[in-house]
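First the structure, in the form of structure tokens, and then the observations on it.
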Amino acid sequence: MNRLTDLLHIDCPIIQGGMGNISHAELTAAISEAGGLGTFGVGTFSTDHVRTELARMKELTDRPFCVNIPIRVQPDVKEMLRLILDFNVPAVSLSAGNPKPLVPVLKEAGVTVMVVTASVKQAVKAAEAGADVVIAEGYEAAGINSNDETTTMTLIPQIADAVSVPVVAAGGIGDGRGLAAALCLGAEGVQMGTRFIATKEALVHEAYKKKLLESTDVDTIIVGRSVGKIRRLVKTPYASLLAEVEKEGTTLEEFDTIADEASHIRGALEGKLAKGHINGGQIAGLIRDVPTVKELLNLMMAQYRTVIEGINQNL
């Protein structure tokens, strides 16, 4: 289809976001089997857990898949690199930290390297460091975001103009119309997180999926601005608590203790929406069903083609 699909050996220019703490082999493999690029996010997982999940993925699919390393979040990056090389993982995405020291190690092993960026400056540095793909993420996206708060629509064309490698758009994309828009802006693919949570294969708590189905265009909230750690969440009782704590005044250390990984696990995996948070992008307002991954990708590609055909007819 384009440089991205050729490089990653996939059928659809659709990539799964890393989604730390809630990543698992079944969802990753299902996305790859459906023609996209499934991504397993190592988050804060232990070496043993990641090893088990990678082995499981090898059992579930022989299609290409990706591993995401959030550099400042994962406590043992060296072990993650070793596992990636041991399991011959074909693609890696790097986020939440300086990718420059890791890129040569991965490239030498023949791994395709993608780097998540939130500004033109970051994208240029990533390309100069040897990244094969730049993922440009606007602050419409779920979870921790850039303090610059640049939107996807403004970010993509600027980054596409600034680098020669393929660009992937992330943040605010959940259907074929978003895919078409991203490609029109200069991207060659998209990365999605929130939309993949509302699929049958996603092993999150049903309360999480139900909350996404109920969400409107204004049902996400930004917290963490006052402590320099912007995070987009779905509006829940716990998200309201976080916002109130921040309003009353808090430090980064204090805020991190109540918006930590354990809080995310309580919300996303245990469904305790009054005791833990759930991440969600602004795209949540578009989610109205919980299809299989294959159904979702097929529908997205059909909708994308319809949109492009409509554009051509109206020119």
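The figures that follow rest on heavy atoms only: side chains count, while hydrogens, waters and symmetry mates do not. Predicted model, so just to flag it, every value in this text is computed and none were measured.
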If you look only at distance, which donor and acceptor atoms sit under 3.5 Å apart when one is on a side chain in residues 86-96 and the other is two or more places apart or in another chain?
unit_1, atom_1, unit_2, atom_2, d
D86, OD2, R82, NH1, 3.0
S93, OG, N68, ND2, 3.0
S95, OG, N68, ND2, 3.2

May I ask you to say whether K235 pairs ionically with D217, meaning some side-chain N is under 4.0 Å from a carboxylate O? no
More than 12 non-hydrogen atoms from neighbouring residues, nucleotides or ligands closer than 6.0 Å to CD on E108, yes or no? no
Side chain to side chain donor-acceptor pair (under 3.5 Å) for D260 and S263? Distances and angles first, verdict last. CA-CA 5 Å; D260 60 3; S263 166; 4.8 Å; no
Consider only side-chain heavy atoms of I, L, V, M, F, W and Y, link residues closer than 4.5 Å, and tell whether I144 and Y139 are in one cluster. no
Under the criterion side-chain contact (heavy atoms from CB on, under 4.5 Å), I'd like the reasoning laid out for T44 against N21: C-alpha separation, chi angles, the key distance, then a yes or no. CA-CA 7 Å; T44 58; N21 298 324; 3.4 Å; yes
Using a strict threshold of under 4.0 Å (side-chain N to carboxylate O), is an ion pair present between R225 and E149? yes
Is any side-chain heavy atom of F196 closer than 4.5 Å to a side-chain heavy atom of L297? yes
Stepwise, does the side-chain contact (heavy atoms from CB on, under 4.5 Å) test hold for L213 with I287? CA-CA 6 Å; L213 289 173; I287 297 173; 4.0 Å; yes
Within this structure, what is the CZ-CZ distance for the pair R51 and F45, rounded to the nearest 0.5 Å? 15.0 Å
Say whether L155 and V124 are linked into one hydrophobic cluster, either directly or through other cluster members, by side-chain heavy-atom distances under 4.5 angstrom. yes
Would you confirm whether T250, through its side chain, and E246, through its main-chain N or O, come within 3.5 Å as a donor-acceptor pair? no
Take K107 and D132 through the test salt bridge (Lys or Arg N to Asp or Glu O under 4.0 Å) and record every step on the way to the result. CA-CA 9 Å; K107 296 271 285 184; D132 298 295; 2.7 Å; yes
Sidechain N-carboxylate O distance under 4.0 Å for D6, R3: no
Should E59 and R56 count as an ion pair when the cut-off is N to O under 4.0 Å? yes
For K58, is the NZ atom crowded, meaning more than 12 foreign heavy atoms sit under 6.0 Å from it? yes
